[in-house]
Trainee: 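Could you have a look at this structure, given as structure tokens, before my questions?
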Amino acid sequence: MKLRLLGVITLLGAGVLFADQAADAIMRASYALPAPETMESTAYMALVDANGSQSMRVLKMYSRKTAAGTDSFVEFLSPADVRGTKFLSIGSDSGEDDQRIWLPELGRVRKIASSGKGGKFMGSDLTYYDMGTHRFEDASYTLAGEETLTVTKDGRKVQMVCSVIDSVPKNPEIPYSKTRIWVGKDDRFIYKSTMWDSKGREEKSVFIVEVRREGNLLIPVRTAVVTTEGRRTLLQLDDLSVNRPIDSAIFTVRNLER
């Protein structure tokens, strides 16, 4: 009986090990997907509260890939109460992006500390952490199952069979205790993420509603963030320009202060 029980325990342990190895392989492939060298777009951000009231923001967004990660620059164009607000994130291979924000009413640049990465980005349901560069090495992964999602891909609604992966961060300063990730089995693209807060409570889900193919790239052009309280942040990218030259001066603190 002891030998049989030991055999069962050994098999269960091996099953967990293989599941973790499978999850690692899936996430490595996802992180290895090609990313745009540069991208520029006009973004429309709708903030919808739990009662359905909506406010719209227009942003100009720039990004570029570097050896250390991804740099991004965001400028709010409207409405008037946020016009001129600018955000800069400089990717780092250490996993700790340098993030700064220019608030016109204060007339100065404020650095986002590591402990502040869980703060809301300009009243949306995205955090400063969400706006940064993430690495495979930042978390441990477990295969949780398989599920089919409906997404719009190149203008057509399609059924995407996804591997469901649980991701647990290694750094305790990361604002999420766990993230469940839906990764397309045929393209390794992440179509959905659900986050749990530092106390283990489900907080929100991020849905990639629509993706567009640009050469060998998959670009998310419509994203919805839905919280457990019923708030929504809807983001749509228009006037998309991919892999065209962008002035490197955009990604500087001096540009924040202009």
Trainee: So how far is it from S72 OG to L88 CG, rounded to the nearest 0.5 Å?
Mentor: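 If we round to the nearest 0.5 Å, S72:OG and L88:CG are 7.0 Å apart.
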Trainee: Would you tell me whether Q159 and T150 have side-chain atoms, one donor and one acceptor, within less than 3.5 Å of each other?
Mentor: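 On atom types as modelled, these side chains qualify, holding a pair under 3.5 Å.
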Trainee: Can you see whether E96 engages S114 through a side-chain donor-acceptor pair at a distance of less than 3.5 angstrom?
Mentor: yes
Trainee: Give a yes or no answer on whether the side chain of T233 reaches the backbone of L47 with a donor-acceptor pair at less than 3.5 Å.
Mentor: no
Trainee: Do V242 and V221 land in one hydrophobic cluster if side-chain heavy atoms of ILVMFWY residues count as linked below 4.5 Å?
Mentor: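 They do share one cluster, since a chain of ILVMFWY contacts under 4.5 Å joins V242 to V221.
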Trainee: As a test of understanding, state which of K120, K117, K204 forms a salt bridge (Lys or Arg N to Asp or Glu O under 4.0 Å) with D130.
Mentor: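 Among K120, K117, K204, the one meeting salt bridge (Lys or Arg N to Asp or Glu O under 4.0 Å) with D130 is K204.
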Trainee: Is the shortest side-chain heavy-atom distance between E203 and T228 below 4.5 Å?
Mentor: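 With C-beta onward as the side chain, the pair stays apart.
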Trainee: Atom CD1 of I208 and atom OG1 of T152: how far apart are they, to the nearest 0.5 Å?
Mentor: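 Output value for this atom pair is 12.0 Å.
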Trainee: Are V225 and F207 joined in one hydrophobic group, where the rule is that I, L, V, M, F, W and Y side chains link up if heavy atoms are under 4.5 Å apart?
Mentor: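 Result: no, two separate clusters.
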Trainee: Identify whether the distance between the nearest side-chain nitrogen and carboxylate oxygen of E40 and K60 falls below 4.0 Å.
Mentor: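 Yes, this pair counts.
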Trainee: For the pair E147 and W182, evaluate side chain to side chain donor-acceptor pair (under 3.5 Å) and give the outcome as yes or no after the intermediate values.
Mentor: CA-CA 8 Å; E147 190 174 334; W182 282 253; 3.1 Å; yes
Trainee: With side chain to side chain contact (heavy atoms under 4.5 Å, CB included) as the criterion, how do S193 and T179 come out once you've worked through the C-alpha distance, each side chain's angles and the decisive distance to 0.1 Å?
Mentor: CA-CA 6 Å; S193 302; T179 300; 4.0 Å; yes
Trainee: Any sub-3.5 Å donor-acceptor pair from T66's side-chain atoms to A68's backbone N or O?
Mentor: yes
Trainee: Check M61 against A43 and note the closest heavy-atom contact, atom names and distance.
Mentor: SD-CB, 3.4 Å
Trainee: Take L149 and C162, measure what side chain to side chain contact (heavy atoms under 4.5 Å, CB included) needs, and give me the verdict at the end.
Mentor: CA-CA 7 Å; L149 301 179; C162 296; 4.1 Å; yes
Trainee: Could you tell me whether a side-chain N or O of K185 sits under 3.5 Å from a main-chain N or O of M160, the two making a donor and an acceptor?
Mentor: no
Trainee: Could you tell me whether the side chain of S124 reaches within less than 4.5 Å of the side chain of M45, counting heavy atoms only?
Mentor: yes
Trainee: For T133 and G91, work out which heavy atoms get closest and say how close.
Mentor: OG1-CA, 4.0 Å
Trainee: Just so I know, are the side chains of I165 and I26 near enough to count as touching, which here means a heavy-atom distance under 4.5 Å?
Mentor: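 Yes, their side chains come closer than 4.5 Å.
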Trainee: Please round to the nearest 0.5 Å and tell me the distance separating atom CE of M27 and atom CZ of R188.
Mentor: 10.0 Å
Trainee: With a 4.0 Å cut-off on N to O distance, would you call R222 and D238 a salt bridge?
Mentor: no
Trainee: Give the intermediate values and the outcome of salt bridge (Lys or Arg N to Asp or Glu O under 4.0 Å) for residues R64 and D71.
Mentor: CA-CA 5 Å; R64 68 174 179 181; D71 299 342; 2.9 Å; yes
Trainee: Can N255 and E257 be counted as having a side-chain donor-acceptor contact under 3.5 angstrom?
Mentor: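 On atom types as modelled, these side chains do not qualify, holding no pair under 3.5 Å.
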Trainee: Could you tell me whether the side chain of E75 reaches within less than 4.5 Å of the side chain of T85, counting heavy atoms only?
Mentor: no
Trainee: Give a yes or no answer on whether the side chain of D247 reaches the backbone of A249 with a donor-acceptor pair at less than 3.5 Å.
Mentor: yes
Trainee: Quick one: are the ring centres of H134 and Y31 less than 6.0 Å apart?
Mentor: no
Trainee: Indicate whether any N or O donor in one side chain lies under 3.5 Å from an N or O acceptor in the other, for S205 and T194.
Mentor: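 Yes, T194 and S205 have a side-chain donor paired with an acceptor closer than 3.5 Å.
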Trainee: Do the rings of Y176 and Y129 sit parallel, tilted or perpendicular, given the 30° and 60° boundaries?
Mentor: perpendicular
Trainee: Is R213 salt-bridged to D154, cutoff N-O under 4.0 Å?
Mentor: yes
Trainee: With a 6.0 Å cut-off on the ring centroids, do F87 and F121 count as close?
Mentor: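 Yes, close enough.
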Trainee: Report yes if the side chains of D98 and S92 come closer than 4.5 Å at any heavy-atom pair, otherwise no.
Mentor: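 No, every pair of side-chain atoms sits at 4.5 Å or beyond.
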Trainee: Would a hydrophobic clustering, with Ile, Leu, Val, Met, Phe, Trp and Tyr connected at side-chain separations under 4.5 Å, put I246 with L256?
Mentor: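 The answer is yes; both residues are in one hydrophobic cluster.
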Trainee: Does atom NZ of K199 have more than 12 heavy-atom neighbours, drawn from other residues, nucleotides or ligands, at distances under 6.0 Å?
Mentor: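 12 or below, so no.
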Trainee: Taking all heavy atoms of L217 and all of P34, pick out the closest pair and write down the distance.
Mentor: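 Answer, listing the atom of L217 first, then P34: CD2-O, 3.4 Å.
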Trainee: Under a 4.5 Å side-chain heavy-atom rule over Ile, Leu, Val, Met, Phe, Trp and Tyr, are I219 and Y191 clustered together?
Mentor: no
Trainee: Working to the nearest 0.5 angstrom, can you tell me the gap between I112 CD1 and R100 CZ?
Mentor: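 Taking CD1 in I112 and CZ in R100, the distance rounds to 10.0 Å.
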Trainee: Is the shortest side-chain N to carboxylate O distance from E37 to K65 below 4.0 Å?
Mentor: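 Yes.
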Trainee: Can you name the nearest heavy-atom pair linking F73 to I250, along with the distance?
Mentor: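 The answer is CD1-O, 3.5 Å.
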Trainee: Nearest 0.5 Å, what's the OG-NZ distance between S198 and K178?
Mentor: 14.5 Å
Trainee: Do V82 and R57 have side chains that approach each other closer than 4.5 Å (heavy atoms only, starting at C-beta)?
Mentor: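 Yes, their side chains come closer than 4.5 Å.
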Trainee: Could you state whether V48 and M122 fall into the same hydrophobic cluster, counting links through intermediate Ile, Leu, Val, Met, Phe, Trp or Tyr residues with side-chain heavy atoms under 4.5 angstrom apart?
Mentor: no
Trainee: Please assess R258 against W102 for the test side chain to side chain contact (heavy atoms under 4.5 Å, CB included), listing each intermediate value before the final yes or no.
Mentor: CA-CA 10 Å; R258 284 183 177 176; W102 167 266; over 6 Å; no
Trainee: For the residue pair T127 and G118, what are the closest heavy atoms and their distance?
Mentor: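 That would be CG2-O, 3.5 Å.
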Trainee: Rounded to the nearest 0.5 Å, what separates atom OG in S55 from atom CG in D49?
Mentor: 8.5 Å
Trainee: Might you point out which heavy atoms bring T38 and R244 nearest each other, and give the distance in Å?
Mentor: OG1-O, 2.6 Å
Trainee: Would you say the side chain of V109 lies within less than 4.5 Å of the side chain of I101, judging by non-hydrogen atoms?
Mentor: no
Trainee: Could you walk me through whether M131 and D97 pass the side chain to side chain contact (heavy atoms under 4.5 Å, CB included) check?
Mentor: CA-CA 10 Å; M131 303 292 291; D97 290 1; over 6 Å; no
Trainee: Check whether any side-chain heavy atom of E210 lies under 4.5 Å from a side-chain heavy atom of Q236, and answer yes or no.
Mentor: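 Sidechains of Q236 and E210: no contact.
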